[in-house]
S.K.: 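Encoded as structure tokens, here's the structure I'll be asking about.
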Amino acid sequence: QVQLVESGGGLVQAGGSLRLACATSGRTFSNYNMGWFRQAPGKERELVAAISWIDGTIYADSVKGRFTISKDNAKNTVYLQMNSLKPEDTAVYYCAAASLLRTVVTGTPDYWGQGTQVTVSS
């Protein structure tokens with residue numbers, strides 16, 4: 001059984017930074033494709049960033065240049081560094097894991113975390 005536990009969310013002012021972490025159980029973490037999604041009130045859940053098992057990355061246009069996804073295989077943890085935060089970044093952020101990158105991109109990963117709230121004030 002694979003379990004994902006997010007942490008690092010909170011309240012920050014516009015222009016500030018937060019670092020989200022997703023701790024993952026499982027012996028095959030290094031071969032997973034990982035992603036971060038977010039869902040704001042009244043909006044669809046959207047892919048924010050993804051990182052493949054060979055460390056290729058994908059970013060939503062809205063966060064390019066501001067957010068960075070990375071992983072630490074020794075700690076079985078994936079991170080999302082969020083800089084220059086904007087009020088429109090406010091959402092619940094979810095960690096996801098999958099055997100196939102395409103299921104992360106299409107929003108149908110094998111595993112989901114329960115989410116962590118990020119609130120950006122003006």
Side-chain angles (χ1 to χ4, degrees):
Q1 176 73 298
V2 174
Q3 295 179 323
L4 309 176
V5 181
E6 300 100 329
S7 63
L11 175 65
V12 66
Q13 285 195 268
S17 299
L18 283 174
R19 188 193 193 201
L20 272 42
C22 174
T24 308
S25 66
R27 296 176 297 155
T28 59
F29 173 80
S30 64
N31 291 326
Y32 284 150
N33 301 285
M34 306 294 298
W36 287 97
F37 290 77
R38 66 186 182 188
Q39 188 165 27
K43 292 191 174 184
E44 299 273 301
R45 185 173 297 189
E46 64 174 345
L47 177 68
V48 176
I51 184 165
S52 73
W53 70 278
I54 54 171
D55 293 342
T57 56
I58 298 169
Y59 294 95
D61 288 342
S62 60
V63 307
K64 286 180 180 176
R66 299 190 297 120
F67 291 11
T68 302
I69 188 170
S70 63
K71 61 180 180 177
D72 185 337
N73 291 336
K75 293 185 175 182
N76 291 344
T77 300
V78 63
Y79 303 94
L80 185 68
Q81 178 66 47
M82 304 185 294
N83 298 326
S84 302
L85 283 161
K86 305 174 180 179
E88 50 262 48
D89 295 319
T90 295
V92 176
Y93 283 70
Y94 298 90
C95 182
S99 296
L100 300 175
L101 180 61
R102 69 171 180 266
T103 68
V104 175
V105 174
T106 59
T108 57
D110 299 324
Y111 306 99
W112 289 101
Q114 286 206 307
T116 185
Q117 177 71 46
V118 171
T119 302
V120 184
S121 62
S122 301

S.K.: Locate the shortest heavy-atom distance separating Ala21 from Thr77; write the atom from each residue and the value.
M.R.: CB-CG2, 4.1 Å

S.K.: Write down the atom of Cys22, the atom of Leu4, and the distance for their closest heavy-atom approach.
M.R.: SG-CB, 3.8 Å

S.K.: Does the side chain of Thr24 come within less than 4.5 Å of Val2's, by heavy atoms?
M.R.: yes

S.K.: When you check the gap from the basic side-chain N to the acidic O, do Lys64 and Asp61 get nearer than 4.0 Å?
M.R.: yes

S.K.: Among residues at least two apart in sequence or on other chains, which ones pass side chain to side chain contact (heavy atoms under 4.5 Å, CB included) with Val5?
M.R.: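 Once residues adjacent in sequence are excluded, Val5 has no partner under the side chain to side chain contact (heavy atoms under 4.5 Å, CB included) criterion.
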
S.K.: Do Tyr79 and Asp72 make a side-chain contact, defined as non-hydrogen atoms from C-beta onward lying under 4.5 Å apart?
M.R.: yes

S.K.: Are any non-hydrogen side-chain atoms of Ser99 and Asp110 less than 4.5 angstrom apart?
M.R.: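 In short, these two side chains touch, coming nearer than 4.5 Å.
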
S.K.: Does any part of the side chain of Leu47, heavy atoms only, come nearer than 4.5 Å to the side chain of Val104, both counted from C-beta?
M.R.: yes

S.K.: What is the minimum heavy-atom distance between Val48 and Val63, and which atoms define it?
M.R.: O-CG2, 3.6 Å

S.K.: Where do Arg66 and Ser84 come nearest, in terms of heavy atoms and distance?
M.R.: NH1-O, 3.0 Å

S.K.: Rounded to the nearest 0.5 Å, what separates atom CD1 in Ile69 from atom CH2 in Trp36?
M.R.: 8.0 Å

S.K.: Quick one: is the NZ or CZ of Arg45 closer than 6.0 Å to the six-membered ring centre of Tyr94, and within 45° of its axis?
M.R.: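 Yes; both conditions hold, so Arg45 lies above the ring face of Tyr94.
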
S.K.: So, for Trp112 and Gly107, which heavy atoms are closest and what is the spacing to 0.1 Å?
M.R.: CZ2-O, 3.7 Å

S.K.: To the nearest 0.5 Å, tell me how far Tyr32 OH sits from Lys71 NZ.
M.R.: 11.0 Å

S.K.: Checking Gln114 now: which residues fulfil side-chain hydrogen bond (donor to acceptor under 3.5 Å, both in side chains) with it, not counting sequence neighbours?
M.R.: none

S.K.: To the nearest 0.5 angstrom, please state how far the OG atom of Ser122 sits from the CD atom of Gln13.
M.R.: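 It comes to 9.5 Å.
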
S.K.: Treating Ile, Leu, Val, Met, Phe, Trp and Tyr as nodes and any side-chain heavy-atom pair under 4.5 angstrom as an edge, say whether Tyr59 and Tyr93 lie in one connected cluster.
M.R.: yes

S.K.: Hey, could you give me the CZ/OG1 distance between Phe67 and Thr57, rounded to the nearest 0.5 Å?
M.R.: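 Spacing of CZ (Phe67) from OG1 (Thr57) equals 14.5 Å.
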
S.K.: Hey, what else clusters with Trp53 if you join Ile, Leu, Val, Met, Phe, Trp, Tyr whenever side-chain heavy atoms sit under 4.5 Å?
M.R.: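 Grouped by the 4.5 Å side-chain rule, Ile54 form the rest of the cluster around Trp53.
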
S.K.: Are side-chain heavy atoms of Thr116 and Leu20 found at a separation under 4.5 Å?
M.R.: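 Touching, per the 4.5 Å side-chain cut-off.
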
S.K.: Distance only, no hydrogens: is a donor on one side chain within 3.5 Å (strictly under) of an acceptor on the other, for Asn83 and Ser17?
M.R.: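 The answer is yes; a qualifying pair exists.
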
S.K.: Could you tell me whether the side chain of Glu6 and the main chain of Cys95 form a donor-acceptor pair under 3.5 Å?
M.R.: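 Yes.
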
S.K.: Between Leu80 and Leu18, is there a side-chain heavy-atom distance shorter than 4.5 Å?
M.R.: no

S.K.: Would you compute the distance between atom OG1 of Thr68 and atom CZ of Arg19 and round it to the nearest 0.5 angstrom?
M.R.: 11.0 Å

S.K.: What's the separation between atom CZ in Arg38 and atom CE in Met82, rounded to the nearest 0.5 Å?
M.R.: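 Answer rounded to 0.5 Å: 9.0 Å.
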
S.K.: If every non-hydrogen atom of Asp55 is compared with every non-hydrogen atom of Ile51, which pair is closest and at what distance?
M.R.: CA-CG1, 3.9 Å

